[in-house]
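Please read the structure below before turning to the comments.
Every value quoted in this text rests on a predicted model; they were computed, and no experiment measured them. Both counts, for ligands and for their atoms, begin at 1 and track the order of listing.
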Amino acid sequence: MRKCARCQTEMVENCSIKVEGAGYGVVMAIDDKHLFSKRIGKPKVAICPDCCEVSIYVENVKNLDR
Ligand SMILES: [Zn+2]
């Protein structure tokens with residue numbers, strides 16, 4: 001469960017970002033100067049039904065180098 005950073009209301013999760021006018025979504029990636037950019041995955045979106053705050057997050061962070 002994801003809470004709004006502003007008002008602590010429970011957010012509506014599992015929404016997605018789409019490019020308007022097309023069926024495409026967007027993909028997040030880490031820029032790598034030597035190779036192709038490394039894909040992290042599709043961002044997910046949570047929306048606060050109370051204050052309309054939008055929060056973008058990833059479910060899978062195993063591709064992040066930490
Ligand atoms: Zn909120």
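With respect to Arg2 and Glu13, no salt bridge is recorded, no charged nitrogen being found less than 4.0 Å from a carboxylate O.
Vertex the Zn ion (ligand 1); arms to Cys48 SG and Cys4 SG; angle rounded to 10 degrees, 110°. For the pair SG of Cys51 and SG of Cys7, the angle at the Zn ion (ligand 1) is about 120°; rounding is to 10 degrees.
Taking backbone and side chain together, Cys52 holds no N, O or S atom under 2.8 Å from the Zn ion (ligand 1).
Residues Asn14 and Glu59 have side chains in contact (heavy-atom distance under 4.5 Å, counting atoms from C-beta outward). Looking at Lys18 and Tyr24, their side chains never come closer than 4.5 Å, going by heavy atoms from C-beta outward.
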Between Met28 and Val58, is a side chain to side chain contact (heavy atoms under 4.5 Å, CB included) present by the stated rule, with each step listed? CA-CA 9 Å; Met28 292 195 291; Val58 277; 2.9 Å; yes
